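Below is one structure, written out as structure tokens, with a few remarks after it.
Here the structure is a predicted model, which means the values were calculated and not measured. Sequence positions, counted from 1, serve as the residue numbers for this chain.
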Amino acid sequence: MRKIIVTGGAGFIGSNFIFYMLERHPEDRIICLDKLTYAGNLSTLAPVMDNPRFRFVRADICDRAAVNQLFQEEKPDIVVNFAAESHVDRSILNPDIFLQTNIIGTAVLMDACREYGAARFHQVSTDEVYGDLPLDRPDLLFTEETPIHTSSPYSSSKASADLLSLAYYRTYGLPVTISRCSNNYGPYQFPEKLIPLMIANALNDRPLPVYGEGLNVRDWLYVEDHCLAIDRILEKGRIGEVYNIGGHNEMKNIDIVRLICRELGKPESLISYVADRRGHDLRYAIDPEKIHRELGWLPETKFAEGIRKTICWYLDNRTWWEEIVSGEYQEYYKKMYGKTDEEMQ
Ligand code: NAD
Ligand code: TDX
């Protein structure tokens, strides 16, 4: 039996990972450590709360005493660190918390891994650490050797955590692996991110705010394929290595928004071009050759299927996202887009 601490497991990818692991590995015990920020929702984890192989602990990964106490109690074999401030626009409005959680929090977790002898620390990173690629060079892709070259406070904080993780590997011999994944989509994604924001607004016949001309390109991966890739890295990945994760699925933002309108039967007149994001990365594109060659990973869900499943999930789970788009989110929305979600009706 492996004991696995999953940090940030009440968020989008972490919760999908917990569901995936409990089902795929009936011998594992999963302990979720989450602060429950605006992005973390305990209701997401309701289906597994009573599972005897699951435990939820509310704590901040920056809180050394709380983290050490949990490691003392559980003596985990593996730690998978999803916990992070994850939204680029929020990092532009207020970088400070990104430095705290994404950098200091990662260090606190790795110190606890050293102290209590975890056999693996896996850092969930992002393709954003490589900066961006030009729109007119489709031949260029991010490989694991692409230099770190960040654009936003968010990506800089994630890159800092990556460097720190590799330093802990080299200096202390901590058994670290890192994955850098492209943009994820799927169930339970907070509606501040492009795809769920457009689905939620379109369903409410509200404007669809596209930054700039909507020509920026992202490489989209269905969340379950990300979970599968991390599972492979935990089982067969080489210590001290970085693995890129992506599915060769580049799309322009505007094409995604138009597709969502089509799928929901909503008019494109809802699209509203708004001021561009500061420092907006032009294009992300992952070369997943290493993880394919070494670990045999390939994505299983095609975009056409994944986006339909995702849209259906948001249609079937209105209460989940309607509850979380209240309160703090309304304040953020106003700061970000000028009006609250409700005023935009
Ligand atoms: P999310 O914002 O949906 O969830 C983050 C979770 O972390 C929340 O449950 C939140 O409560 C928790 N958290 C935040 N600060 C914490 C703290 N100080 N202590 C404990 N818990 C804390 O994020 P996500 O989209 O699921 O991303 C998860 C990870 O994957 C992040 O590290 C992100 O950088 C990385 N990533 C995300 C994507 C993507 O497309 N979403 C792509 C590549 C990598
Ligand atoms: O209202 C919007 N309008 C818009 O045009 C929003 C929220 C986004 N966009 C654009 C900006 C990006 O080009 O859509 C694209 C995707 O934006 P986000 O969903 O905010 O994702 P991105 O900035 O690409 O970062 C995501 O992928 C990498 C995750 O949020 C990160 O956590 C991950 O590391």
Side-chain angles (χ1 to χ4, degrees), residues 11-25 44 47-48 82 86 124 126-127 138 141-142 179-204 208 210 214-233 243-268 270-271 283-293 295-321:
F12 164 47
I13 309 173
S15 59
N16 278 282
F17 183 71
I18 288 172
F19 299 147
Y20 169 93
M21 292 296 279
L22 285 171
E23 194 179 314
R24 288 286 171 106
H25 297 284
T44 302
V48 295
F82 290 96
S86 70
V124 180
T126 168
D127 60 357
L141 302 172
F142 295 136
S179 53
R180 295 181 179 148
C181 191
S182 58
N183 286 60
N184 284 213
Y185 69 100
Y188 299 108
Q189 186 166 32
F190 195 87
E192 66 189 351
K193 305 281 167 58
L194 180 77
I195 288 182
L197 182 133
M198 296 301 165
I199 296 173
N201 281 16
L203 283 173
N204 288 323
L208 308 177
V210 171
L215 300 179
N216 303 59
V217 170
R218 296 292 182 264
D219 182 356
W220 294 95
L221 186 75
Y222 192 62
V223 62
E224 204 171 281
D225 280 321
H226 187 184
C227 299
L228 225 144
I230 294 174
D231 187 15
R232 285 283 165 84
I233 295 170
Y243 293 93
N244 281 355
I245 308 172
H248 288 299
N249 184 49
E250 290 178 56
M251 292 184 74
K252 288 189 199 108
N253 293 339
I254 189 66
D255 291 338
I256 299 253
V257 178
R258 289 199 175 118
L259 187 148
I260 290 171
C261 288
R262 263 200 315 279
E263 290 287 329
L264 289 173
K266 298 290 180 180
E268 288 188 12
L270 284 175
I271 294 172
R283 171 176 166 250
Y284 302 144
I286 281 277
D287 179 354
E289 167 60 20
K290 179 176 172 180
I291 191 166
H292 174 51
R293 186 176 15 93
L295 309 181
W297 176 87
L298 276 177
E300 292 180 355
T301 303
K302 296 256 180 302
F303 186 76
E305 180 197 347
I307 194 72
R308 286 217 175 95
K309 280 209 269 193
T310 304
I311 291 174
C312 282
W313 187 88
Y314 281 87
L315 280 166
D316 292 345
N317 293 274
R318 268 192 103 115
T319 37
W320 181 88
W321 56 267

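To the nearest 0.5 angstrom, W321 atom CH2 is 9.0 Å from I199 atom CD1. One distance of note links NE2 of H292 with CG of L298; it measures 4.5 Å at 0.5 Å rounding. Between the CG atom in N204 and the NZ atom in K266 there is a gap of 8.0 Å [rounded to 0.5 Å].
Between Y314 and I260, the closest side-chain pair of non-hydrogen atoms is not below 4.5 Å. Contact annotation: the side chain of C181 never approaches that of Y243 to less than 4.5 Å [non-hydrogen atoms, C-beta and beyond]. No side-chain heavy atom of Y20 sits less than 4.5 Å from a side-chain heavy atom of I230. Considering only heavy atoms from C-beta on, I291 comes within 4.5 Å of I233 through its side chain. A heavy-atom distance below 4.5 Å is not found between the side chains of D127 and N244.
Residues in residues 182-191 take part in these side chain to side chain donor-acceptor pair (under 3.5 Å) pairs, two or more places apart or across chains: N184-H226. Within the structure, side chain to side chain donor-acceptor pair (under 3.5 Å) contacts touching residues 248-257 (residues at least two apart or in different chains) are E250-R283.
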Starting from the C-alpha separation in whole Å, work towards a yes-or-no answer on side chain to side chain contact (heavy atoms under 4.5 Å, CB included) for M21 and D231. CA-CA 8 Å; M21 292 296 279; D231 187 15; 4.0 Å; yes
Determine, stepwise, if the pair V124 / I13 fulfils side chain to side chain contact (heavy atoms under 4.5 Å, CB included). CA-CA 10 Å; V124 180; I13 309 173; 5.7 Å; no
Could you check F190 against F12 for side chain to side chain contact (heavy atoms under 4.5 Å, CB included), going step by step and ending with a plain yes or no? CA-CA 7 Å; F190 195 87; F12 164 47; over 6 Å; no
Side chain to side chain contact (heavy atoms under 4.5 Å, CB included) evaluation trace for I245 with I286: CA-CA 7 Å; I245 308 172; I286 281 277; 5.8 Å; no
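The two atoms that bring P299 and L221 nearest to each other are CB-CD1, 3.9 Å, heavy atoms only. Nearest heavy atom pair, residue P267 against residue C261, reads O-SG, 4.1 Å. Heavy atoms only, all atoms of each residue included: P187 and N16 are closest at O-ND2, 3.1 Å.
In H25, the NE2 atom is crowded: over 12 heavy atoms of neighbouring residues, nucleotides or ligands sit closer than 6.0 Å.
When N216, I256, D219 are each tested for a side chain to side chain contact (heavy atoms under 4.5 Å, CB included) with M251, only one passes: I256. When each of R308, R258, K309 is paired with E263, the salt bridge (charged side-chain N to carboxylate O under 4.0 Å, His left out) condition holds for R308 and for no other. Put simply, the residue from T310, I311, L315, N317 that forms a side chain to side chain contact (heavy atoms under 4.5 Å, CB included) with W313 is N317.
Between the W297 side chain and the L228 main chain, no donor and acceptor come within less than 3.5 Å of each other.
Under the side-chain hydrogen bond (donor to acceptor under 3.5 Å, both in side chains) criterion, T301 pairs with no residue at all, not counting sequence neighbours.
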